[in-house]
Asker: 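Input: one structure, supplied below.
A quick note: this is a predicted structure, and the numbers were derived from the prediction, not measured. Side-chain atoms are counted along with the backbone in the values below, which use heavy atoms only and exclude waters and symmetry mates.
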Amino acid sequence: MTDAARRAAIVAEARAWIGTPYHHRASVRGEGTDCLGLVRGVWRAVMGAEPEPLPPYAADWAEASRTETLIAAAGRHLVPVQTAAMQPGDVLLFRFRAHLPAKHCALLSAPGRMIHAYDGAAVCEGDFAPWWQRHLAGVFAFPGR
């Protein structure tokens, strides 16, 4: 699969999750997911089996642990990308406060657009607005095959 085809498949799969209700730790299209579950589900559809088991995590895990668990996992399985070089299909990681670890993820769906899941809402596609851009902690690409 070419890089362009893989990226198109990632975005198409992420869009297929739009409307899936938020459910902490879930990853079932149409039934429930959280932000990480969305990325996991897209990975399964495009790449195959998940590369490692999902560890337990509470809704406040980043605040409680103060460790960069999400960035570390992304570094093990995804390819780091410079912010200026990000493209549709890339995984975006966010930290809500400068002193806290990254704890939210999304998929870039088009220039200036992203797909994500968050508490109280279904999976949606929205603007990668300035607020989100200021809280960006890392950009990663799915690996090539």
Asker: Per the side-chain contact (heavy atoms from CB on, under 4.5 Å) rule, which among V11, I10, L107 passes with P88?
Answerer: V11
Asker: State, yes or no, whether a side-chain contact exists between S27 and L38 at a heavy-atom distance under 4.5 Å.
Answerer: no
Asker: Below 4.5 Å, heavy atoms only, C-beta onward: do M86 and L92 meet side chain to side chain?
Answerer: yes
Asker: Starting from the C-alpha separation in whole Å, work towards a yes-or-no answer on side-chain contact (heavy atoms from CB on, under 4.5 Å) for V42 and I115.
Answerer: CA-CA 11 Å; V42 170; I115 299 170; over 6 Å; no
Asker: How close do A5 and M1 get, heavy atom to heavy atom, and via which atoms?
Answerer: CB-CG, 3.7 Å
Asker: So with a 6.0 Å cut-off around NE2 of H23, is the heavy-atom count from everything else above 12?
Answerer: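 Incorrect, the count does not exceed 12.
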Asker: State, with a plain yes or no, whether a side-chain heavy atom of H77 is found less than 4.5 Å away from one of E50.
Answerer: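 Sidechains of E50 and H77: no contact.
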Asker: Side-chain contact, heavy-atom cut-off 4.5 Å: D90 with R7?
Answerer: yes
Asker: Are the side chains of F128 and S109 in contact, using a 4.5 Å heavy-atom criterion?
Answerer: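 In short, these two side chains do not touch, never coming nearer than 4.5 Å.
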Asker: Can V79 and F140 be said to form a side-chain contact (heavy atoms from CB on, under 4.5 Å), step by step?
Answerer: CA-CA 5 Å; V79 179; F140 294 84; over 6 Å; no
Asker: Under the criterion side-chain contact (heavy atoms from CB on, under 4.5 Å), I'd like the reasoning laid out for Y22 against T33: C-alpha separation, chi angles, the key distance, then a yes or no.
Answerer: CA-CA 5 Å; Y22 181 88; T33 192; over 6 Å; no
Asker: Hey, does F94 have a side-chain heavy atom less than 4.5 Å from the side chain of L136?
Answerer: yes
Asker: Say whether W43 and L54 are linked into one hydrophobic cluster, either directly or through other cluster members, by side-chain heavy-atom distances under 4.5 angstrom.
Answerer: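 Yes: a chain of side-chain contacts under 4.5 Å links W43 to L54.
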Asker: So, using salt bridge (charged side-chain N to carboxylate O under 4.0 Å, His left out) as the criterion, who are the partners of R113 when residues are at least two apart?
Answerer: D127
Asker: Does atom CD (Q82) have a neighbourhood of more than 12 heavy atoms from anything else shown, all under 6.0 Å?
Answerer: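 Result for CD/Q82: open.
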Asker: By salt bridge (charged side-chain N to carboxylate O under 4.0 Å, His left out), which residues pair with R134, not counting sequence neighbours?
Answerer: none
Asker: Fit a plane to each ring of H104 and H116, take the angle between them on a 0 to 90° scale, and name the class: parallel (under 30°), tilted (30 to 60°) or perpendicular (over 60°).
Answerer: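 The rings of H104 and H116 stand perpendicular, inter-plane angle above 60°.
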Asker: How close do T20 and V28 get, heavy atom to heavy atom, and via which atoms?
Answerer: CG2-O, 3.6 Å
Asker: Does a salt bridge link R95 with E68, judged by any charged N lying under 4.0 Å from a carboxylate O?
Answerer: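 Answer for the salt bridge query: yes.
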